[in-house]
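Just below is one structure, and these are the notes that go with it.
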Amino acid sequence: MRIRPILFNGDMVRAILDGRKTCTRRVIKPQWEECPHCKYVHNEYIYDKMAENVYCARCGCPLEPERRSPYQLEDILYVRETWGHPISLNSDKQYVFRADKIAESGFENDSHIWHPSIHMPKEAARIWLKVKNVRVERLQDITAEQVVKEGTTGLTMDLIQSSDELKRHYDIPFAVLWDSTIKKADRNLYGWAANPRVWVIEFERCEKPTGPLD
């Protein structure tokens, strides 16, 4: 078991806290094009959870180690989110979080000085996750169930099943969400239309581990 950080924006933090998000997709960089051994252009892969590597689905050749998933089965993840310190001298909190509507009693979020999620210290983490599954997929292979598990705002399976339009185009809200996280200069490689290969990481909430966190 490893303890690793993972970044989420405010909307996704709220989705995790609400129990709506149990999955995330992270683009594979660089993308695989073909197996260096048999020259098979990959549409599928074999992901070995024990070896933590990906193998060619045709000949079994191991692909380059730097393309291993950043998160492995049973890893414990602590969520890094936009954070700050309390502004009330009477506060009993050490850290406050922008994803909350009111970071402190009586103080709206815009009253605080916020620090980027990448700089959040481990001891400030309030959300802990356990990795339950890791696999490789093409981005556009996402199913309706997975769109919901991604925490896509406003979508539930009941809503999708009740709408003929959403049954046909359930992936559009997620496509918009995905592209909002990709730099414009990178969208031709990693945007929705590019249909890149992604790591699919499924997780569940867990308690903060006891003992040293290093």
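Just so it is clear, the model here is predicted, and its values are computed rather than measured. Count residues from 1 along the sequence.
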I3 vs W128 side-chain heavy atoms within contact, under 4.5 Å: yes
Where the side chain of K93 meets the backbone of A103, is there a donor-acceptor pair that is under 3.5 Å apart? yes
Would you confirm whether H85, through its side chain, and V96, through its main-chain N or O, come within 3.5 Å as a donor-acceptor pair? no
Check ring-ring contact (aromatic ring centres under 6.0 Å, His included) between Y190 and all other residues, then give those that pass, not counting sequence neighbours. none
Taking the side chain from R138 and the backbone from N195, do they hold a donor-acceptor pair closer than 3.5 Å? yes
So do the side chains of Q72 and V131 get within less than 4.5 Å of each other, counting heavy atoms only? no
Okay, side chain of T152, backbone of V147: is any donor-acceptor separation there less than 3.5 Å? yes
Enumerate the residue pairs fulfilling salt bridge (Lys or Arg N to Asp or Glu O under 4.0 Å) with a member in residues 159-170, sequence neighbours excluded, ordered by first and then second residue. E165-R168
Checking K132, R135, K21 against E202 for salt bridge (charged side-chain N to carboxylate O under 4.0 Å, His left out), the one that qualifies is R135
Is it true that, when you exclude R80 itself, more than 12 heavy atoms of the residues, nucleotides or ligands shown sit nearer than 6.0 Å to its CZ? yes
Can you name the nearest heavy-atom pair linking L73 to V134, along with the distance? N-CG2, 4.2 Å
Is there a side-chain contact between R126 and L17 (heavy atoms, below 4.5 Å)? yes
Distance-only, no hydrogens or angles: does the R187 side chain make a donor-acceptor pair with backbone N or O of D179 under 3.5 Å? yes
Do L155 and V200 belong together in a cluster built from hydrophobic side chains that touch within less than 4.5 Å? yes
Result for side-chain hydrogen bond (donor to acceptor under 3.5 Å, both in side chains) between K130 and one of E204, E207, E74 points to E74
How far apart are the closest heavy atoms of G154 and L159, and which atoms are they? O-CD2, 3.2 Å
My understanding is that a hydrophobic cluster links ILVMFWY residues whose side chain heavy atoms are under 4.5 Å apart, including indirect links. Using that, what else belongs to the cluster containing F97? W83, Y95, M120
For the pair Y71 (side chain) and I76 (backbone), establish whether a donor and an acceptor sit closer than 3.5 Å, ignoring hydrogens and angles. no
Answer yes or no: is there a side-chain heavy-atom contact under 4.5 Å between K208 and K122? no
With distance as the sole test, does R14 use its side chain to make a donor-acceptor pair with the main-chain N or O of A99 at under 3.5 Å? yes
Flag, side chain of E81 to backbone of F8, donor-acceptor distance under 3.5 Å: no
At their closest point, which heavy atom of Y78 faces which heavy atom of A125, and how far apart are they? CB-CB, 3.7 Å
Does the side chain of F174 reach to within under 4.5 Å of the side chain of L139, using non-hydrogen atoms? yes
How many angstroms lie between atom OG1 of T181 and atom CZ of R26, to the nearest 0.5 angstrom? 8.5 Å
R25/E150 salt bridge by N-O under 4.0 Å criterion: yes
Just by modelled atom types, is the L189 backbone N or O under 3.5 Å from a matching donor or acceptor in the D186 side chain? no
Please lay out, stage by stage, how T24 and I6 fare under the test side-chain contact (heavy atoms from CB on, under 4.5 Å). CA-CA 10 Å; T24 188; I6 187 168; 4.2 Å; yes
Would you say that D171 contacts Q140 through its side chain, given a criterion of any heavy-atom pair below 4.5 Å between the two side chains? no
